[in-house]
Amino acid sequence: MRLSRFFLPTLKETPAEAAIVSHRLMLRAGMVRQESAGIYSWLPLGFRVLKKVEQIVREEQNRAGAIEILMPTIQPADLWRESQRYDAYGDEMLRIKDRNGRELLYGPTNEEMVTSIFKSFCRSYKELPKLLYHIQWKFRDERRPRFGVMRGREFLMKDTYSFDLTKEEAMKSYNRMFVAYMNTFARMGLQAFPMRAETGPIGGDLSHEFIILAENGESKVFCHRDLLDLPAPGLDVDFEGDLQPIVDERTALYAATEDVHDEAAFAKIPDDKKVSARGIEVGQVFYFGTKYSEPMKARVSHPQNGEVPVHMGSYGIGVSRIVGGLIEAFNDDAGIIWPRSVAPFDVGILSMRAGDEATDAACEQIYAGLCKAGLEPLYDDSDDRAGAKFSRMDLIGLPDQIIVGPRGLKDGVVEVKDRATGERVNLSPEAAIDQIIARHQRDIF
Ligand code: ATP
Ligand code: MG
């Protein structure tokens, strides 16, 4: 993409309304625009990151055996009356009437709808297990929308729902999602720790939140320090095999959110291993048994016992919240530092003298070479001052920069800068292309 053709409305001033660094940087980098409290337009740069995050989430859901569907944002109120949640959900639910006076709502979550889909088509235990998910906008009329996309009112969520014959089988689905989540966040460069959590309005008796530690996080969490050293299970996990040992290893150490924190259990941890910190909830998994299948009559034939309600779980990831969460995790004074897997472009090409023949030619050569290798460069072909180009490129945080100017080209070199370390090397244009491709291949998995 050439900057001259792109739409990158960066801001010079720090927006006063933004209280935390990720919100400030998202506005300054021209990633989003607020349309109303907690409701955002995603501008091209932000949209590209959102799509990268979404795609990683999708790939790891598919790998774990979940099947993608797409349910609507608008749901009939009657569906929620069946589960008794219509009144219980309270003011967070946006309630709407259509022209015929029919009551609708903008979905805050989809347990009811997916249960209704399941029961219309699945009648036999032979169809189980089933894991269905979608990635769809949700609306929750949050009391305090804040921190930009991290606590929005309209936000993008991946939500999966599992259907099993028994509690034991449901635990296997729970474990699939648990393991998939660890890998999902790791692929984005994030360390997200599973912590025991309250089930809240979703209901049920088993739940973990996945938390990334961050000073500006809204959740207070407590855990054993050794948990922070456990690596993600890895993409070669066999999802058809026994995942229990992996989950056990990651749930053996104390880790809990404030709501379910147990002071007595925490007190037993040696002092130097106690972590009490703030974090951002990027995902949550729930097992809630027959809470919805019972009232909504989602039953299947049992091999021995007639008909039984299915055991269910639900599993959410805050796709749009993660974009803010990533910036909280990866930034410095100059701006954002994207992990390669979620960067809006792979590399920036900065022309130090647009219009100079040798500089233009070298930029074009590098641009074409990177595109040919399947990378997505952003080529700053503008005639802005060098200083403005440097700070803009640092602000938007592409992992690598190639700086091309007449002075270097006289010696046959361009400068390659690593945004994260600030390290710079001079290389020939060909070697610069190879270097960027190699870095990309090293980090993307
Ligand atoms: P919170 O406790 O932060 O209000 P929740 O527990 O109500 O979230 P879930 O129902 O578990 O949310 O939703 C699944 C995921 O969706 C959460 O883990 C979070 O990442 C994301 N999410 C929830 N509410 C919001 C919001 N208002 N804005 C952005 N993302 C959200
Ligand atoms: Mg939650």
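It should be emphasised that the depicted structure is a prediction, and the values quoted were computed from it without experimental measurement. Counting starts at 1 for both ligands and their atoms, in listed order.
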Quick one: list whatever passes salt bridge (charged side-chain N to carboxylate O under 4.0 Å, His left out) with E328, sequence neighbours left out. none
Please state which option from F147, F155, F139, F210 has its nearest heavy atom closest to atom 23 (C) of ligand 1. F155
Looking at Q284, E142, R140, M150, the heavy atom closest to atom 12 (O) of ligand 1 belongs to R140
Salt bridge or not between R81 and E103? Use side-chain N to carboxylate O under 4.0 Å. yes
E209 side, atom CD; Y181 side, atom OH - distance, nearest 0.5 Å: 12.0 Å
CD (E17) with more than 12 external heavy atoms under 6.0 Å: yes
Checking heavy atoms under 4.0 Å, the part of I322 that sits near ligand 1 is neither
With a 4.0 Å cut-off, would you call K172 and D164 a salt bridge? no
Let's test this: below 2.8 Å, count the protein N/O/S atoms around the Mg ion (ligand 2). 2
At the 4.0 Å heavy-atom cut-off, does G152 count as touching ligand 1? yes
Is any side-chain N of the basic residue among R102 and D78 closer than 4.0 Å to the acidic one's carboxylate O? no
For ligand 1, which atoms, with element, lie under 4.0 Å from some heavy atom of V282? 18 (O), 20 (O)
Apply the ring-ring contact (aromatic ring centres under 6.0 Å, His included) test between F222 and each candidate in F266, F193, Y254; give the one that qualifies. F266
So for ligand 1, is S320 a polar contact partner (N or O within less than 3.5 Å, distance only)? no
Assess the pair F6 and F345: is the distance between their ring centroids shorter than 6.0 Å? yes
Apply salt bridge (charged side-chain N to carboxylate O under 4.0 Å, His left out) to E240 and list each qualifying residue two or more places apart in sequence or on a separate chain. R176
Between E59 and R63, is the closest basic N to carboxylate O distance under 4.0 Å? no
Name the option, out of E218, M157, E154, that contains the heavy atom nearest to atom 14 (C) of ligand 1. M157
Ligand 1 atoms in contact with G283 (distance to a heavy atom under 4.0 Å): 18 (O)
Show every salt bridge (charged side-chain N to carboxylate O under 4.0 Å, His left out) that has at least one partner inside residues 122-135, sequence neighbours left out. none
Hey, are R196 and D262 close enough for a salt bridge, meaning a charged N less than 4.0 Å from a carboxylate O? no
Non-hydrogen atom of T109 closer than 4.0 Å to ligand 1: no
Of the side chain and backbone of R151, name the one, both, or neither that has a heavy atom under 4.0 Å from an atom of ligand 1. both
In this structure, does ligand 1 have an atom that sits under 4.0 Å from one of the heavy atoms of V149? yes
Can you tell which of P145, G325, G318 gets a heavy atom nearest to atom 15 (C) of ligand 1? G318
So, 4.0 Å and heavy atoms of K138: is ligand 1 close enough to count as a contact? no
